[in-house]
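Any value given below was found using the heavy atoms of this structure, including those in side chains, with hydrogens, waters and symmetry copies removed.
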Amino acid sequence: MERALSGSVDSRASLHTVSSINAAQLAARLESYESGEKKSISDVRRTFCLFVTFDLLFITLLWIIELNVDGGIEKQLSKEVLYYDYHSSFFDIFVLAVFRFTLLILAYAVCKLRHWWAIAITTAVTSAFLIVKVIISKLLTQGAFGYLLPIMSFVLAWIETWFLDFKVLPQETEDENRFQSVPDASERAVLIQPGPLSDGQFYSPPESVADSDEETEEKQDHEKPVL
């Protein structure tokens with residue numbers, strides 16, 4: 001009986017330990033998700049904003065290099081900005097990068113938009129403008145930068161679209177669903193915790209038949225008369 005009692009107590013203690021560990025784990029997960037929700041911006045969205053900034057800086061760097069190659073920054077800056085010519089100037093590609101940066105940072109960093117319409121506008125405007133410019137203008141006759149600047153601007157715009165549509169928005173939706181499921185799991189864990197011990201859980205095993213037969217034979221031996 002003592003062994004049965006100790007075994008039941010040990011099993012009950014182990015159940016309490018397991019339930020406490022599960023509750024602690026759920027509480028830790030809930031705390032981590034709550035802290036993630038309190039962040040001003042998610043990690044994947046921050047990476048997207050960094051890539052948008054890289055887009056602007058990279059196009060600006062290429063444009064500055066192009067100005068230096070063709071005879072000095074001051075001279076070429078005056079030629080491409082003050083005397084802007086759609087057919088030969090690269091200034092509009094730089095302005096297009098500024099447009100993408102401004103709209104995307106305002107939409108997805110400042111306003112924290114969770115829709116694709118802003119990136120759709122920037123990508124559509126960029127693609128249409130670059131295609132028309134390459135067809136009509138004379139950029140392809142101006143050396144390597146006539147190819148490099150339009151191609152890099154086009155590619156970076158579409159990489160931003162892919163990254164937002166396939167990484168940022170799905171990841172944030174998955175994190176939100178997981179965050180909402182953690183409180184439900186913790187409530188279920190509380191409901192299935194074991195209750196207090198009851199007297200009915202302790203019992204003594206019945207005596208075996210073999211033991212009762214041996215005791216009966218011993219009594220009969222003692223009752224036999226001595227001759």
Side-chain angles (χ1 to χ4, degrees), residues 31-68 73-74 76-137 139 145-180 182:
E31 184 178 357
S32 65
Y33 289 133
E34 287 177 349
S35 62
E37 285 291 320
K38 292 178 181 178
K39 288 182 180 179
S40 59
I41 188 171
S42 64
D43 294 336
V44 65
R45 187 179 289 257
R46 187 183 300 110
T47 304
F48 171 77
C49 294
L50 288 175
F51 187 80
V52 172
T53 306
F54 167 78
D55 175 14
L56 174 63
L57 296 178
F58 186 68
I59 297 298
T60 303
L61 179 63
L62 290 179
W63 184 50
I64 293 174
I65 295 174
E66 183 268 335
L67 293 176
N68 277 325
I73 293 180
E74 294 181 359
Q76 289 299 118
L77 197 62
S78 175
K79 177 182 177 181
E80 293 195 6
V81 178
L82 297 180
Y83 303 97
Y84 169 75
D85 184 8
Y86 175 79
H87 295 85
S88 60
S89 177
F90 293 96
F91 176 66
D92 47 11
I93 298 180
F94 166 74
V95 173
L96 196 62
V98 175
F99 163 72
R100 287 197 304 272
F101 172 80
T102 304
L103 183 58
L104 294 179
I105 291 298
L106 286 176
Y108 297 108
V110 178
C111 300
K112 301 175 186 177
L113 184 67
R114 303 190 64 178
H115 199 271
W116 48 263
W117 66 263
I119 193 74
I121 291 175
T122 58
T123 304
V125 171
T126 299
S127 301
F129 181 86
L130 291 175
I131 291 173
V132 173
K133 186 174 181 65
V134 169
I135 294 174
I136 297 178
S137 68
L139 295 181
F145 287 97
Y147 296 88
L148 187 61
L149 273 169
I151 290 175
M152 292 307 303
S153 182
F154 185 86
V155 170
L156 289 173
W158 279 98
I159 290 177
E160 290 167 355
T161 304
W162 173 84
F163 190 78
L164 180 77
D165 197 23
F166 290 94
K167 294 294 183 180
V168 178
L169 299 181
Q171 182 66 40
E172 290 183 346
T173 302
E174 182 181 355
D175 292 340
E176 183 180 0
N177 294 335
R178 190 182 301 132
F179 173 76
Q180 293 176 354
V182 169

Hey, what do you get for [atom1] ([X]) to [atom2] ([Y]), rounding to the nearest 0.5 Å?
X    : Y    : atom1 : atom2 : value
F145 : I151 : CZ    : CD1   : 13.0 Å
L67  : L62  : CG    : CG    : 11.0 Å
E172 : D43  : CD    : CG    : 10.0 Å
I73  : I64  : CD1   : CD1   : 6.0 Å
I41  : C49  : CD1   : SG    : 4.0 Å

Inset, instruction - Evaluate side chain to side chain contact (heavy atoms under 4.5 Å, CB included) for E160 paired with L104, printing each intermediate quantity in order. - result: CA-CA 10 Å; E160 290 167 355; L104 294 179; 3.4 Å; yes

To check you understand the geometry: which heavy-atom pair defines the closest contact between [X] and [Y], and what is its length?
X    : Y    : result
A157 : R100 : CB-CD, 4.0 Å
A118 : L103 : O-CD2, 4.0 Å
L96  : F129 : CD2-CD2, 3.9 Å
L156 : D55  : CD1-OD1, 3.2 Å
L169 : R45  : CD2-NH2, 4.5 Å

Within the 4.5 Å heavy-atom criterion, are [X] and [Y] side-chain neighbours or not?
X    : Y    : result
L77  : W63  : yes
E66  : E80  : yes
I93  : L130 : yes
L139 : F90  : yes
F154 : T126 : no
D165 : I119 : no
K167 : F48  : no
Y84  : D92  : yes

Legend entry - Worked check of side chain to side chain contact (heavy atoms under 4.5 Å, CB included) between Y86 and V132: CA-CA 11 Å; Y86 175 79; V132 173; 3.6 Å; yes

Please check this pair: side chain of [X] against backbone of [Y], looking for a donor-acceptor N/O pair closer than 3.5 Å.
X    : Y    : value
Y108 : L164 : no
S78  : E74  : no
S153 : L149 : no

Inset, instruction - Check the angle between the aromatic planes of F91 and F94 and answer parallel, tilted or perpendicular using the 30° and 60° thresholds. - result: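 Tilted.
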
Legend entry - Y83 and S89: CA distance, side-chain angles, deciding distance, side chain to side chain contact (heavy atoms under 4.5 Å, CB included) verdict: CA-CA 9 Å; Y83 303 97; S89 177; over 6 Å; no

Inset, instruction - Could you verify whether a donor N or O on one side chain and an acceptor N or O on the other, from T161 and W116, lie under 3.5 Å apart? - result: no

Legend entry - Pair R114 + E176, salt bridge at N-O below 4.0 Å: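 Here R114 pairs with E176 in a salt bridge, since their nearest N and O are under 4.0 Å apart.
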
Inset, instruction - Step by step, work out the side chain to side chain contact (heavy atoms under 4.5 Å, CB included) result for S88 and D85. - result: CA-CA 6 Å; S88 60; D85 184 8; 3.3 Å; yes

